[in-house]
Peer 1: 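What follows is a single structure, and I will ask about it in a moment.
Order of the sequence lines sets the chain letters (A, B, ...), proteins ahead of strands, with each chain counted from 1.
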Amino acid sequence: MASYNHKKIEKKWREAWQKSGVYKTSDALKGSKSYVLDMFPYPSGEGLHVGHPKGYFASDIYSRFKRMNGYAVLRPMGWDAFGLPAENFAIKNKIHPRVAVEKNIKRFKEQLSLLGFNYDWEREINTTDPEYYRWTQWIFLKLFEKGLAYESHEPINWCPSCKTGLANEDLEDGKCERCGSVVEKRPLRQWVLRITDYAERLLEDLDGLNWPESIKESQRNWIGRSEGAEIDFKIKETDLKIKVFTTRADTLFGATYVALSPEHELLEELKPEIKNWKEVEKYIEESKNKTEIERTAENKEKTGVELRGVKAINPANGEELPVFIADYVLAHYGTGATMAVPAHDERDWAFAKKFKLPVKQVICQFYPDPKCPVLDEAYIGDGKLVGSGKFNGMEAEKAKRAVTEFVGGKITVKYKLRDWVFSRQRYWGEPIPLIHCDNCGVVAVPESYLPVKLPEVKSYEPTGTGESPLAGIAEWVNVKCPKCGGEGKRETNTMPQWAGSSWYYLRYIDPKNNKALVDKKKEKYWSPVDVYVGGAEHATRHLIYARFWHKFLYDLGVVNYKEPFLRLQNVGLITAKDGKKMSKRYGNVVNPDDIVEAYGADTLRVYEMFMGPFDQTVAWSSESIIGARRFLEKAWRLQDKLIGADSGENTKKLLHKTIQKVSSDIDGFRFNTAISQLMILTNSMDEQKELSREVYGLFIKILAPFAPHMSEELWEQLGNKTSIHLEKWPEHDPKLIKEEVYELVIQINGKVRNKAEVATDLSEEDLHEFALKQSRVRELLAGQSPKKVIVVRGRLVNIVI
RNA sequence: GCCCGGAUGGUGAAAUUGGUAGACACGAGGGACUUAAAAUCCCUUGGCCGCAAGGUCAUGCCGGUUCGAGUCCGGCUCCGGGCACCA
């Protein structure tokens with residue numbers, strides 16, 4: 001036997017598989033389909049580090065397992081290549097983004113090609129390919145057509161360093177997620193997608209998904225549903241009224257003032273009534289100039305200004321209440337106005353204390369005891385109503401509805417989710433396919449004119465003026481209006497980086513079900529994605545946008561199922577050994593190419609899957625990888641033992657147990673324990689003098705998804721002419737797994753005192769008797785009779801004395 | 001502040017969901033082979049007591065339920081993640 005030469009073997013099979021096309025997706029496959037998808041990477045300039053392929057290894061093992069189990073498998077790979085990261089890289093290195101992306105993709109592909117993946121490269125996707133983004137634009141046009149894309153001039157988040165507007169999802173603690181700059185508020189003409197129309201469905205349908213609970217919870221938090229009531233407060237001596245949103249209508253009798261956000265539109269109309277307008281105006285100006293961080297800073301002292309001369313009427317009891325503007329009231333949430341109940345809300349309490357406003361308690365947990373304790377902070381707990389007229393004594397929860405109805409309010413639901421700011425003032429994105437015409441307004445580019453190609457441009461650097469670099473290309477901008485034929489101008493904003501990734505998984509879809517999203521190949525109905533593998537950092541960005549678009553396409557009738565990704569598996573990070581993120585910046589990057597060179601791709605695969613639970617963050621260890629290599633070498637050396645016809649009952653038994661465990665572990669993405677079981681089997685076979693070819697063949701079949709190169713080589717050496725990766729996955733024989741004897745544990749008072757081998761079929765009575773007969777037990781009992789004996793068949797006997 | 005996770009040897013971790021805690025692997029120590037080294041193989045490896053047989057403590061901390069708790073319940077501490085002046 002030759003020694004295990006990973007370089008020779010991996011090169012040989014890499015080339016052979018490419019030639020034979022063993023991983024080509026078969027359109028004609030019968031039986032169930034399995035669509036296994038990785039989140040597409042950005043082809044960044046840094047190249048791959050060993051952390052990147054971890055998720056791809058998992059999906060690779062899983063999809064190979066599915067294929068061997070007779071499933072038709074779709075497993076494409078692609079590049080999510082539009083957006084700021086690619087563009088910023090290009091600017092920094094002074095090359096055109098398109099050139100940079102091409103170069104980076106080439107590099108990524110080279111690196112991936114060494115790792116033994118079963119991708120079908122004929123189905124490679126590139127979101128920056130005009131033939132791809134024509135459909136991204138098509139989806140946008142449909143959104144526009146249905147009124148779900150609208151133009152807005154509201155102030156939005158602006159990153160002064162990236163020089164573009166951003167969506168709420170692109171912020172982290174009020175800073176730009178890409179570059180860390182503090183974002184500003186800036187009024188800007190924007191295209192915005194009405195994702196909030198889908199808030200309820202995005203929330204509701206989470207329940208049925210096989211996703212990690214933590215991701216679902218993140219999305220629930222992000223959507224932020226709360227049930228409450230809209231209640232009108234009339235303004236004294238005018239026809240105006242303030243609509244407030246509250247989740248605590250039960251506390252309405254305790255309202256002692258009303259607060260508006262500084263941006264509230266009613267202020268214009270109230271202006272004539274406001275006696276201290278100058279002061280009010282100054283406050284409005286000040287809050288406009290504050291960043292989100294300044295306004296929402298923790299423990300910030302409350303500020304505000306009373307609108308002198310304006311009084312609101314509490315609809316519950318007719319009381320006249322002062323009205324304030326205060327920047328703790330957010331313009332974009334609820335109705336931009338609140339009723340303030342200092343007794344039962346912490347913020348209102350703080351504000352009331354500062355402005356010396358009355359506190360009126362209307363919820364008491366000790367009702368009907370009239371001696372409610374004097375509050376020294378806001379009481380937000382349960383209780384019954386007091387000081388609330390006819391509602392006194394009612395449970396707070398019940399009173400919410402009753403009080404709302406009493407004052408003619410409306411029960412409503414509000415969400416924290418905000419509409420998706422969809423334009424970027426940058427070059428490297430899909431052009432938004434709209435035309436501005438003086439006569440017709442905003443006109444859609446007709447579908448037959450798609451794609452609207454991103455033009456070549458001399459300077460693609462952001463302008464910072466609020467216009468995209470495209471605005472400077474007159475010959476591209478100026479077009480005829482498709483409606484009236486008059487002078488028109490193209491929309492020059494581009495789409496955000498998340499546009500292309502919101503539907504790439506749909507690139508493969510049955511043309512019969514939708515003529516629009518026709519793929520370059522004729523496809524069977526692959527979607528929805530059966531297993532989607534990627535990082536948890538996409539919880540409230542990519543994964544929520546993709547669900548939104550999917551649901552929209554469902555409403556259009558383009559897809560016939562409600563959710564895009566049935567099962568989601570999160571991959572845990574691989575950090576450097578110092579625990580830090582791998583990055584060129586820290587100089588701690590481990591390149592997979594080097595590991596493949598030194599140990600081989602199969603070793604890298606086994607090691608990364610063995611490191612720990614798949615979804616957990618682990619630190620790379622250049623010490624531990626040797627364990628994976630030793631395991632493979634041991635498996636390789638087992639060839640020497642193929643001299644016998646029979647492997648013995650114990651080996652067979654262990655093999656079948658292993659088949660069972662590895663199968664269920666792959667299915668559950670528990671690769672660490674699957675490999676551990678393979679190691680146990682290998683160690684055991686290593687102790688045998690001889691092995692049968694049958695046993696060895698079954699072993700390398702279940703090893704194949706983990707170490708595809710080596711198992712293919714061994715399979716060939718067994719005399720096989722076809723690929724092991726198209727073999728049928730072994731089934732375990734339940735009869736073989738059944739044990740005839742097991743080790744019975746005998747405990748006294750819960751402590752292990754003896755162990756003995758017993759027959760599996762012994763009854764509880766038999767075991768009871770057997771345990772008490774043991775000489776060691778008799779010795780320890782020293783004549784005492786047990787108080788109680790607990791027998792657990794198959795496990796233990798516990799004698800209580 | 002609210003909502004999710006998590007904490008087990010020197011290290012990564014396992015434990016059939018209430019039944020032998022530490023599988024598997026790395027590292028470490030000792031030995032074999034070798035002129036030597038590498039590779040490989042064998043033994044030891046949670047703490048303490050003991051020559052040993054064995055005993056005893058031990059799954060972040062404190063309590064509880066149970067014949068029996070890493071696992072269930074109550075109360076904390078620390079770490080990671082999401083949300084957060086969201087009415």
Peer 1: Syn or anti: how is rG50(B) classified when any glycosidic angle within 90° of 0 counts as syn?
Peer 2: anti

Peer 1: Does R753(A) put a side-chain nitrogen or oxygen below 4.0 Å from OP1 or OP2 of rG55(B)?
Peer 2: yes

Peer 1: Under 4.5 Å between any side-chain heavy atoms of Y415(A) and L202(A), yes or no?
Peer 2: no

Peer 1: Under 4.0 Å between a side-chain N/O of R637(A) and OP1 or OP2 of rC41(B), yes or no?
Peer 2: yes

Peer 1: Contact class for S226(A) (heavy atom, under 4.0 Å): base, sugar-phosphate, or nothing?
Peer 2: sugar-phosphate

Peer 1: Does any residue of residues 205-218 of chain A have a heavy atom under 4.0 Å from RNA chain B, and if so, which ones, in number order?
Peer 2: S214(A), E217(A), S218(A)

Peer 1: Tell me if the centroids of the rings in Y607(A) and Y599(A) come within less than 6.0 Å of each other.
Peer 2: no

Peer 1: Check whether any side-chain heavy atom of Q677(A) sits under 4.5 Å from a side-chain heavy atom of I702(A), and report yes or no.
Peer 2: no

Peer 1: Side chain to side chain contact (heavy atoms under 4.5 Å, CB included) with D348(A): which residues, sequence neighbours excluded?
Peer 2: Y257(A), Y328(A), A340(A), P342(A), D345(A)

Peer 1: To the nearest Å, how far apart are Y4(A) OH and rU40(B) P?
Peer 2: 14 Å

Peer 1: Can you tell me how far C1' in rA84(B) sits from the matching atom in rA69(B), rounded to whole Å?
Peer 2: 37 Å

Peer 1: What's touching nucleotides 21-25 of chain B from the protein side, N or O pairs under 3.5 Å?
Peer 2:
unit_1	atom_1	unit_2	atom_2	d
rA25(B)	OP1	N683(A)	ND2	2.8

Peer 1: Looking at rC67(B), I'd like to know if its phosphate oxygens (OP1 or OP2) sit under 4.0 Å from a side-chain N or O belonging to K788(A).
Peer 2: yes

Peer 1: To the nearest Å, how far apart are F614(A) CZ and rA13(B) C1'?
Peer 2: 17 Å

Peer 1: Under the side chain to side chain contact (heavy atoms under 4.5 Å, CB included) rule, what do V797(A) and V789(A) come out as? Steps first, then yes or no, please.
Peer 2: CA-CA 7 Å; V797(A) 175; V789(A) 178; 3.7 Å; yes

Peer 1: Would you classify R776(A) as touching base, sugar-phosphate or nothing, given that sugar-phosphate means primed atoms plus P, OP1 and OP2, and contacts are heavy atoms under 4.0 Å?
Peer 2: sugar-phosphate

Peer 1: Would you measure the distance from the C1' atom in rA28(B) across to the matching atom in rG46(B) and give it in whole Å?
Peer 2: 14 Å

Peer 1: By nearest heavy atom, map G336(A) and P613(A) onto RNA chain B; which one lands nearer the 5' end?
Peer 2: P613(A)

Peer 1: Would you classify K751(A) as touching base, sugar-phosphate or nothing, given that sugar-phosphate means primed atoms plus P, OP1 and OP2, and contacts are heavy atoms under 4.0 Å?
Peer 2: sugar-phosphate

Peer 1: Heavy atoms only, 4.0 Å cut-off, all strands: where does V329(A) land among base, sugar-phosphate and nothing?
Peer 2: base

Peer 1: Assess whether atom CG of N289(A) is packed by more than 12 heavy atoms of other residues, nucleotides or ligands within 6.0 Å.
Peer 2: yes

Peer 1: Check this for me: does any side-chain nitrogen of one of E230(A) and K241(A) sit under 4.0 Å from a carboxylate oxygen of the other?
Peer 2: no

Peer 1: For the pair E217(A) and R220(A), find out whether any cationic side-chain nitrogen is under 4.0 Å from an anionic carboxylate oxygen.
Peer 2: yes

Peer 1: To the nearest Å, give me how far apart NZ (K400(A)) and P (rA87(B)) are.
Peer 2: 10 Å

Peer 1: Please report the distance separating the P of rA21(B) from the corresponding atom of rU59(B), rounded so that it comes out in whole Å.
Peer 2: 12 Å

Peer 1: Taking for each residue the nucleotide of RNA chain B with the nearest heavy atom, is it T540(A) or R248(A) whose nucleotide lies nearer the 5' end?
Peer 2: T540(A)

Peer 1: What distance, rounded to whole Å, do you find between the two C1' atoms, one in rA53(B) and one in rA14(B)?
Peer 2: 30 Å

Peer 1: Could you tell me whether the side chain of M39(A) reaches within less than 4.5 Å of the side chain of H542(A), counting heavy atoms only?
Peer 2: yes

Peer 1: Taking the same atom, P, in rG75(B) and in rG5(B), what whole-Å distance lies between them?
Peer 2: 16 Å

Peer 1: Can you tell whether the side chains of E263(A) and K288(A) come within less than 4.0 Å, N to carboxylate O?
Peer 2: no

Peer 1: Show your reasoning for whether side chain to side chain contact (heavy atoms under 4.5 Å, CB included) applies to L767(A) and L744(A).
Peer 2: CA-CA 9 Å; L767(A) 291 168; L744(A) 179 76; 4.0 Å; yes

Peer 1: Using a strict heavy-atom distance below 4.0 Å, which residues from residues 793-801 of chain A are in contact with RNA chain B?
Peer 2: R795(A), L796(A), N798(A), V800(A)

Peer 1: For rA38(B) and rC24(B), measure between their C1' atoms and round to the nearest Å.
Peer 2: 26 Å

Peer 1: Pick the C1' atom in rG80(B) and in rA32(B), then give their distance to the nearest Å.
Peer 2: 47 Å

Peer 1: Between E739(A) and K653(A), does any side-chain N to carboxylate O distance fall below 4.0 Å?
Peer 2: yes

Peer 1: Return the value, rounded to whole Å, for the distance between atom OH of Y607(A) and atom P of rG27(B).
Peer 2: 11 Å

Peer 1: Quick check: are there more than 12 heavy atoms from other residues, nucleotides or ligands sitting under 6.0 Å from CG of L375(A)?
Peer 2: yes

Peer 1: Taking the P atom of each, how far is rG54(B) from rC62(B), in whole Å?
Peer 2: 31 Å

Peer 1: Rounded to whole angstroms, how far apart are CG on L171(A) and C1' on rA84(B)?
Peer 2: 14 Å

Peer 1: Side chain of K302(A), base of rC85(B): donor and acceptor closer than 3.5 Å?
Peer 2: yes

Peer 1: Exactly one of L772(A), V800(A), N749(A), I748(A) should register a side-chain contact (heavy atoms from CB on, under 4.5 Å) with P786(A). Which one does?
Peer 2: L772(A)

Peer 1: May I ask you to verify if any side-chain N or O of Y328(A) is less than 4.0 angstrom from the OP1 or OP2 atom of rA87(B)?
Peer 2: no

Peer 1: Mind calculating the distance between CG (L573(A)) and C1' (rG12(B)) to the nearest angstrom?
Peer 2: 16 Å

Peer 1: Taking ring pair (Phe, Tyr, Trp, His ring centres under 6.0 Å) as the test, write out the residues that go with W349(A), two or more places apart.
Peer 2: none

Peer 1: Could you give the CG-to-C1' distance, from N221(A) to rG1(B), as a whole number of Å?
Peer 2: 13 Å

Peer 1: For F57(A) and F671(A), what are the C-alpha separation, side-chain angles and deciding distance, and is it a ring pair (Phe, Tyr, Trp, His ring centres under 6.0 Å)?
Peer 2: CA-CA 10 Å; F57(A) 287 148; F671(A) 307 107; over 10 Å; no

Peer 1: Using a cut-off of 6.0 Å, state whether more than 12 heavy atoms not belonging to K290(A) lie near its atom NZ.
Peer 2: yes

Peer 1: Please, what dot-bracket string fits RNA chain B when only Watson-Crick and G-U pairs with both distances under 3.5 Å count, crossing ones use [ ] and pairs to another strand use |?
Peer 2: (((((((..(((......[....)))((((((.......))))))((((....))))..(((((..]....))))))))))))....

Peer 1: How is Q219(A) classified with respect to the nucleic acid when contacts are heavy atoms under 4.0 Å: base, sugar-phosphate, or nothing?
Peer 2: nothing

Peer 1: How close or far is atom C1' of rC83(B) from atom CZ of R541(A), stated in whole angstroms?
Peer 2: 13 Å

